[in-house]
Amino acid sequence: MNSRSAAERRERLAELAPDRLAEVEADDDGDDGPALPDLPNATAGEVTMRVAPNPNGPWHVGHARMAAVIGTYKQRYDGRFVCRFDDTDPDTKRPDLGAYGAILDAIDYLGFTPDEVIRASDRLETYYDHARDLIDAGGAYACSCPQAEFSELKNAGEACPHRDKTAEQTHAEFERMVDGDYGEGEMVLRVRTEIEHPNPALRDWVAFRVVDRPHPRETAADYRCWPMLDFQSGVDDHLTGVSHIVRGIDLQDSAKRQGFVYDYFGWTYPEVVHWGHVQVDEFDAPLSTSTLSEMVADGRLDGWDDARAPTLAALERRGVRGEAVVAAMVELGTSTSDVELSMSSVYAKNRELVDDRADRYFLVRNGERLPLTDVPAEGTPPVHPDHEERGRRSIPVDGAVCLESDDVPTPDGRVWLKGLGCVRRSGDRLVGTDDGIEAVREGDVPVVHWVPDDGVPVRLRTPDGDVTGRAEPGFAGAAVDEVVQFERVCFARVDARDPAVAYFAHR
RNA sequence: GCUCCGAUAGUGUAGUCCGGCCAAUCAUAUUGCCCUCUCGAGGCGAUGACCGGGGUUCGAAUCCCCGUCGGAGCACCA
């Protein structure tokens with residue numbers, strides 16, 4: 001940033017138009033990167049948005065986008081944030097009871113608090129009531145066509161024999177669906193749209209179907225007649241006062257489908273923004289929730305917050321702040337084309353957030369032990385190079401040190417042991433030299449980190465697997481949950497003590 | 001096949017509605033130098049893009065047409 005010219009501009013503005021300055025400042029506040037585009041037809045105080053996750057697994061990084069964007073809009077428009085669990089498929093995308101809470105935790109991690117949390121599986125009676133109203137309005141009919149047969153008719157633009165059924169008969173059959181009198185596939189309730197609509201995706205879609213498998217939530221386990229997403233979501237959006245919907249392009253036709261229901265009811269459809277899919281560059285492994293769940297179930301991952309997992313829980317455990325994730329997501333904007341998120345931009349933002357507070361420690365991975373003589377009794381590197389006032393560490397040297405193998409000098413070569421001094425390799429040992437720091441400044445001697453022979457064993461859990469190493473003795477004093485920097489290695493979050501475990505955040 | 005949608009540097013984004021101030025913004029990435037006892041932080045640079053072709057116009061990233069490429073839906077999944 002050219003902060004100088006920005007400052008100049010500000011100064012000029014202060015002279016020319018003092019009230020305009022306030023706006024600019026407010027605009028600038030906590031705002032890095034381009035802001036999200038304004039919502040269409042949005043009025044402050046009258047914006048309600050929702051995240052509508054299916055709780056069939058933990059949230060991965062991609063899921064953060066919706067919450068991040070909605071949460072940001074909530075702040076901009078002083079709006080409402082609804083979290084609605086769309087858990088209406090007890091079978092193929094079966095909800096996971098642990099995921100409800102995990103998703104709320106993820107939203108909290110990102111720094112947002114929903115104004116309202118609802119579960120579709122609590123609301124079946126509401127959907128039934130609306131189905132009955134829809135039938136009364138002539139907007140739905142019960143259909144017992146086998147799926148493939150209907151599909152053929154539909155693609156040809158032809159009505160099935162059930163389409164002209166009376167409302168009375170449909171009512172009767174729908175009540176039998178509700179009562180569980182039909183088996184799976186025997187009867188559905190279809191919305192009567194336009195069977196010759198140019199877009200085949202909109203023709204007489206299914207609103208309710210029968211699912212035999214009980215819902216995992218006990219309170220919903222007795223229901224067999226389940227609404228499809230487009231019906232349930234359409235009704236709920238209206239009932240919860242949703243003013244603006246953000247959703248993926250895969251749901252592009254949803255608004256049009258639901259439009260038929262809205263028309264029957266005389267409702268006004270919310271504003272809709274569609275966006276493309278997000279890929280995350282670092283995780284080429286499939287980001288799908290079901291894959292993740294499988295990997296956790298069969299032990300390939302230690303849990304949803306395994307350092308190798310692309311989940312928000314894992315990022316949290318690694319010491320990446322939700323704020324950094326939100327900032328990166330907001331920068332992605334809401335374009336309809338698919339986007340790829342670079343984790344490096346999340347990490348860059350996190351580094352900014354965390355660097356100033358992160359105390360420095362040495363961690364040597366897979367160290368090589370080298371006897372060391374003719375050096376001071378201890379090394380005293382600063383706790384933080386930009387904050388001398390935080391003091392210096394004290395790392396005792398007792399006859400030997402460990403270095404990372406890449407840092408071991410060639411025979412007769414020199415390295416500068418950070419915070420200690422220059423040493424020269426002599427055979428298999430290191431011997432202190434009387435070189436001053438100029439040796440480093442001249443570029444002849446690399447500065448390396450090191451630990452004494454009896455460093456603290458640390459397991460560093462990284463996205464690429466675990467690494468073991470030893471940290472300087474002072475690391476034993478680092479508190480759990482603290483984010484530290486292992487100099488020249490990475491930022492990491494202290495996860496456990498005795499034995500010490502740290503989670504790799506980023507370089 | 002039918003119906004939608006999109007295309008700016010490695011990545012993301014601003015600008016596109018209302019054509020000129022855009023030889024195109026910012027961030028990230030990569031990289032050079034300075035500083036530094038970190039490969040962190042900081043400072044100063046560099047690299048790198050308007051999908052193609054026509055048209056309209058004095059003037060097009062922006063408007064129009066064609067093409068190409070990419071994405072989505074046409075589920076009793078969400």
Side-chain angles (χ1 to χ4, degrees), chain A residues 1-2 32-35 37 52-56 86-89 91-95 120 143 145-147 150-151 154-155 157 184-190 197-203 205-211 226 228-230 232-233 247-254 256-257 274 276-279 281 289-290 327-333 335-349 351-352 354-356 358 360 362 379-382 384-387 416-422 436-437 439-441 445-449 485-491 506-507:
Chain A
M1 254 298 268
N2 47 350
D32 38 358
N54 176 5
N56 63 335
D86 281 356
D87 54 349
T88 54
D89 178 6
D91 192 35
T92 53
K93 286 192 176 166
R94 187 175 176 77
C143 171
C145 289
Q147 200 172 337
F150 185 88
S151 172
K154 182 208 64 188
N155 287 333
E184 279 185 14
E186 289 177 6
M187 188 68 75
V188 298
L189 186 74
R190 289 187 184 280
H197 195 285
N199 184 350
L202 308 188
R203 297 173 188 162
W205 46 275
V206 172
F208 285 84
R209 86 296 203 180
V210 173
V211 182
W226 286 91
M228 300 291 289
L229 174 75
D230 281 324
Q232 172 265 124
S233 166
R247 66 179 152 216
I249 41 173
D250 50 326
L251 263 24
Q252 268 175 131
D253 291 332
S254 273
K256 294 172 193 157
R257 275 203 276 252
H274 290 287
H277 296 286
V278 210
Q279 325 281 328
D281 61 353
T289 306
S290 48
M329 287 298 176
V330 163
E331 271 185 19
L332 251 32
S335 110
T336 37
S337 24
D338 290 354
V339 294
E340 181 173 299
L341 171 72
S342 295
M343 282 307 290
S344 61
S345 94
V346 174
Y347 297 149
K349 293 190 183 309
R351 206 177 284 127
E352 235 171 75
V354 137
D355 178 61
D356 198 63
R360 266 55 174 174
F362 291 153
T380 55
H384 193 297
D386 304 331
H387 294 281
W416 186 282
L417 300 180
K418 198 166 160 44
L420 182 67
C422 192
I437 194 62
V440 171
R441 294 214 175 100
V445 179
V447 174
V448 304
H449 59 289
Q485 189 201 50
F486 291 125
E487 291 191 77
R488 301 182 67 232
V489 178
C490 66
F491 287 88
H506 45 73
R507 302 269 306 181

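Naming convention: chains lettered A, B, ... in sequence-line order (proteins, then strands); numbering from 1 in each chain.
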Using only side-chain N and O atoms of Arg209(A), determine if any of them is under 4.0 Å from OP1 or OP2 of A78(B).
yes
Looking at every strand, decide which applies to Ile249(A) at a 4.0 Å heavy-atom threshold: base, sugar-phosphate, or nothing.
sugar-phosphate
Distance in angstrom units between Phe150(A) CZ and C76(B) P, rounded:
9 Å
Cation-aromatic face contact Arg190(A)/Phe208(A), 6.0 Å, 45 degrees:
no
Base, sugar-phosphate or nothing for Val440(A)? Non-hydrogen atoms, less than 4.0 Å.
nothing
Picking from A27(B), U28(B), A78(B), which would you name as closest to the side chain of Lys349(A)?
A27(B)
Residue pair Leu341(A)/Ile437(A) against RNA chain B: nearer the 5' end by closest nucleotide is Leu341(A)
Which part of the nucleic acid, if any, lies within reach of Ser151(A) when heavy atoms closer than 4.0 Å are counted: base, sugar-phosphate only, or nothing?
sugar-phosphate
Winner on side-chain proximity to His277(A), out of G1(B), A72(B), A29(B), is A72(B)
Does Asp386(A) get its side chain close enough to the base of G40(B), under 3.5 Å, for a donor-acceptor pair?
yes
Closer than 4.0 angstrom, basic N to acidic O: yes or no for Lys349(A) and Glu331(A)?
yes
Is any side-chain heavy atom of Gln232(A) less than 4.5 Å from a side-chain heavy atom of Asp86(A)?
yes
Take the protein atom CG of Asp87(A) and the nucleotide atom C1' of C77(B), then report the distance between them rounded to whole Å.
14 Å
Ignoring hydrogens and angles, does a donor from either the side chain of Gln485(A) or the base of U38(B) sit under 3.5 Å from an acceptor on the other?
yes
Remember a base hit wins even if backbone is also touched, and classify His197(A) as base, sugar-phosphate or nothing at under 4.0 Å, heavy atoms.
nothing
Describe the nucleic acid contact of Thr88(A) in one word from base, sugar-phosphate, nothing, applying a heavy-atom distance below 4.0 Å.
sugar-phosphate
Once you round it to whole Å, what is the distance between P of A75(B) and CG of Asn155(A)?
7 Å
Between G73(B), U38(B), U11(B), which one does the side chain of Arg488(A) approach most closely?
U38(B)
Are any of the side-chain nitrogens in Arg360(A) or Asp355(A) under 4.0 Å away from the carboxylate oxygens of its partner?
yes
State, yes or no, whether a side-chain contact exists between Gln279(A) and Val339(A) at a heavy-atom distance under 4.5 Å.
no
For a quick check, tell me whether the side chain of Arg441(A) and the base of U36(B) share a donor-acceptor pair closer than 3.5 Å.
no
Pairing check on C4(B): which nucleotide meets the Watson-Crick or G-U wobble criteria with it, both distances under 3.5 Å?
G71(B)
Across the strands shown, which category fits Pro385(A) at heavy-atom distances under 4.0 angstrom: base, sugar-phosphate, nothing?
base
So what does Phe491(A) touch, heavy atoms closer than 4.0 Å: a base, only the sugar-phosphate, or nothing?
sugar-phosphate
Given A78(B), G40(B), U13(B), which nucleotide is nearest the side-chain atoms of Asp355(A)?
G40(B)
Need the pair for G19(B). Rule: Watson-Crick or G-U wobble, both distances under 3.5 Å, any strand; none if unpaired.
none
Does Cys145(A) reach a base, just sugar-phosphate, or nothing at all? Heavy atoms under 4.0 Å.
base
Nearest-angstrom distance from the residue atom CG of Asp250(A) to P of C5(B)
16 Å
As a test of reading the structure: which of C76(B), G71(B), C74(B) is closest to the side chain of Val188(A), going by heavy atoms?
C76(B)
Indicate whether OP1 or OP2 belonging to U36(B) is found under 4.0 Å from a side-chain N or O atom of Lys418(A).
no
Within the 4.0 Å heavy-atom criterion, would you say Gly419(A) contacts the bases, only the backbone, or no part of the nucleic acid?
base
With the side chain defined as heavy atoms from C-beta on, Arg360(A) is closest, among U28(B), G40(B), G71(B), to G40(B)
Could you tell me whether Met187(A) contacts a base, only the sugar-phosphate backbone, or nothing, with contacts defined as non-hydrogen atoms closer than 4.0 Å?
nothing
With a 3.5 Å limit on both atom pairs, tell me what G59(B) is paired to, counting Watson-Crick and G-U wobble, or say none.
none
Any base atoms under 4.0 Å from Leu332(A), or only sugar-phosphate, or nothing? Heavy atoms, all strands.
sugar-phosphate
Pair partner, U47(B) [Watson-Crick or wobble, under 3.5 Å]
A29(B)
Please report, rounded to the nearest Å, how far the P atom of A78(B) is from the CD atom of Gln252(A).
19 Å
Within the 4.0 Å heavy-atom criterion, would you say Arg351(A) contacts the bases, only the backbone, or no part of the nucleic acid?
sugar-phosphate
Give me the atom names and distance for the closest heavy-atom approach of Gly248(A) to His274(A).
O-ND1, 3.5 Å
Quick one: is Gln147(A) getting a side-chain N or O under 4.0 Å of the C76(B) phosphate, OP1 or OP2?
yes
A14(B) pairs with which nucleotide, Watson-Crick or G-U wobble, both distances below 3.5 Å?
none
Across every strand shown, the nucleotide meeting Watson-Crick or G-U wobble geometry with C35(B) (both distances under 3.5 Å) is none
